[in-house]
Amino acid sequence: MEQLPIPVKKFHDGSVYPAVGFGTYQLKGSQGVQAIRSAIDAGYRLLDTAYNYENEATVGQAIKQHGIKREELLITSKLPGRYQKYDDAVTTIQESLYRAGLDHYDLYLIHWPNPKQDNYVEAWQALQDARKWGLIRSIGVCNFLPEHLDRLKAETGEFPVLNQIELHPYFNQEKQRQYHEENGIVTQSWSPLGRKTDLLQNPILSDIAAKYGKSVSQLVLRWHYQLGSIAIPKSATPSRQQENIAIFDFELNQAEMETISGLTKTDGRVSNQDPAVYEEF
């Protein structure tokens with residue numbers, strides 16, 4: 001069956017991004033290069049990496065080997081917690097680009113707020129300046145709570161275009177998503193398929209997926225899409241990569257959406273990483 005085009009979402013800065021991207025966490029070395037090349041072949045155009053994944057060079061090499069034009073891709077990377085002071089952040093952004101062999105990132109994110117360190121505002125100011133210098137096109141964050149986002153707006157006058165948060169049916173983040181919607185911030189889902197959980201074996205999800213002739217992964221990724229969130233599933237398997245992007249030929253009804261969202265748990269985080277206290281370095 002012919003692959004349907006991926007719909008797009010518009011950021012408040014005018015940029016347009018695919019509604020599904022490709023996560024590269026743990027994809028490294030020659031095997032990582034091959035997996036990312038395969039993802040590009042499958043139709044992914046948004047690639048998500050991070051300084052702390054230690055694979056920015058792998059992503060860059062995959063792009064180079066594939067031969068796809070740079071302007072056809074949107075590449076995201078992320079600033080680690082240990083480099084949030086302004087000068088450190090500026091240097092780290094440059095290092096991220098050198099590693100990947102790129103002259104700019106389309107989207108650059110602060111990986112975690114690290115509120116105990118309390119450097120995230122100056123890190124945000126570094127991202128704003130790096131954008132002025134042409135090193136970054138769009139700027140955003142990951143794992144920021146409303147209180148952190150409110151502070152960015154109050155102290156710098158600008159909300160992120162996007163907040164990448166843990167989001168899956170066991171942790172549906174309803175209040176956080178509502179805050180994003182009210183403030184023009186796009187939601188992006190990390191761990192969209194609930195890694196390290198039994199989500200993909202859930203009988204409720206299996207029953208709904210069977211109705212549409214889809215896998216549970218496809219069902220969950222469709223749920224993300226209909227929530228308005230950009231999921232970034234990761235797989236090194238070509239058939240799974242293609243499966244994860246083939247979610248635009250069916251639609252869940254409201255009752256099914258509510259059933260899937262109803263699987264959420266009070267704290268369904270996969271690794272107990274609460275941004276109010278978690279520190280990432």
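For clarity, every value in this text was computed on a predicted model and none was experimentally measured. Numbers here simply count residues along the sequence, with the first being 1.
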- Please test Val90 against Asp129 for side chain to side chain contact (heavy atoms under 4.5 Å, CB included), starting from the C-alpha separation and ending with a verdict. CA-CA 8 Å; Val90 169; Asp129 284 346; 5.7 Å; no
Is any side-chain heavy atom of [X] less than 4.5 Å from a side-chain heavy atom of [Y]?
X	Y	value
Val33	Arg37	yes
Thr91	Tyr83	no
Trp112	Glu279	no
Tyr278	Asn272	no
Asn119	Tyr86	no
Tyr44	Pro18	no
Ile230	His224	no
Val216	Asn202	no

If I compare all heavy atoms of [X] with all of [Y], which pair ends up nearest, and what's the gap?
X	Y	value
His168	Ser191	CD2-O, 3.4 Å
Ser235	Gln241	O-NE2, 2.8 Å
Pro275	Gln273	CD-O, 3.4 Å
Asn253	Lys211	ND2-NZ, 3.8 Å
Tyr105	Leu102	CE2-CD1, 3.8 Å
Ser15	Ser138	OG-OG, 3.0 Å

- Under the side-chain hydrogen bond (donor to acceptor under 3.5 Å, both in side chains) rule, collect the residues that match up with Gln164, sequence neighbours excluded. Asp48, Gln188
- Partners passing side-chain hydrogen bond (donor to acceptor under 3.5 Å, both in side chains) against Glu155 (at least two apart in sequence or in another chain): Arg151
Between [X] and [Y]: side-chain donor-acceptor atoms closer than 3.5 Å:
X	Y	answer
Asn163	His180	yes
Tyr212	Asp249	no
Asn114	Gln84	no
Glu158	Gln128	yes
Gln178	Glu174	no
Asn55	Thr49	yes

- With side chain to side chain contact (heavy atoms under 4.5 Å, CB included) as the test, would you mind laying out the steps for Thr259 and Ile208 before giving the verdict? CA-CA 10 Å; Thr259 296; Ile208 300 173; 4.2 Å; yes
Sidechain-backbone polar pair: [X] side chain, [Y] backbone, donor-acceptor under 3.5 Å:
X	Y	answer
Ser38	Gln34	no
Lys9	Gly228	yes
Glu56	Ala100	no
Arg222	Tyr225	no

Are [X] and [Y] in one and the same hydrophobic cluster, where Ile, Leu, Val, Met, Phe, Trp and Tyr link if side-chain heavy atoms are under 4.5 Å apart?
X	Y	value
Leu263	Leu221	yes
Leu79	Leu47	yes
Leu193	Ile260	yes
Ile93	Val141	yes
Ile165	Phe144	yes

- Evaluate the ring planes of Tyr17 and Phe11, with Trp represented by its six-membered ring, and classify them as parallel (under 30°), tilted (30 to 60°) or perpendicular (over 60°). parallel
Step through the shown structure and confirm whether more than 12 heavy atoms of other residues, nucleotides or ligands are within 6.0 Å of [atom1] on [X].
X	atom1	value
Glu147	CD	yes
Arg195	CZ	yes
Tyr25	OH	no

- Query: Do the ring centers of Tyr120 and His148 come within less than 6.0 Å of each other?
  - Reply: yes
Got a second to check how far [X]'s [atom1] is from [Y]'s [atom2], nearest 0.5 Å?
X	Y	atom1	atom2	answer
Asn244	Lys234	CG	NZ	11.5 Å
Ser261	Asn172	OG	CG	5.0 Å
Asp88	Glu122	CG	CD	8.5 Å
Thr156	Trp124	OG1	CH2	6.5 Å
Asp274	Glu166	CG	CD	10.5 Å
Ile232	Thr24	CD1	OG1	8.5 Å

- Message: With side-chain hydrogen bond (donor to acceptor under 3.5 Å, both in side chains) as the criterion, how do Arg131 and Tyr108 come out once you've worked through the C-alpha distance, each side chain's angles and the decisive distance to 0.1 Å?
- Response: CA-CA 9 Å; Arg131 180 182 56 193; Tyr108 203 80; over 6 Å; no
- Query: Relative to Tyr51, does Arg82 satisfy both conditions: NZ or CZ under 6.0 angstrom from the six-membered ring centre, and within 45 degrees of the ring's axis?
  - Reply: no
- From CA spacing to verdict: side chain to side chain contact (heavy atoms under 4.5 Å, CB included), Ile75, Arg70: CA-CA 9 Å; Ile75 316 296; Arg70 172 66 181 90; 3.8 Å; yes
- Verdict with supporting geometry, Leu252 and Leu219, side chain to side chain contact (heavy atoms under 4.5 Å, CB included): CA-CA 8 Å; Leu252 302 172; Leu219 176 78; 3.4 Å; yes
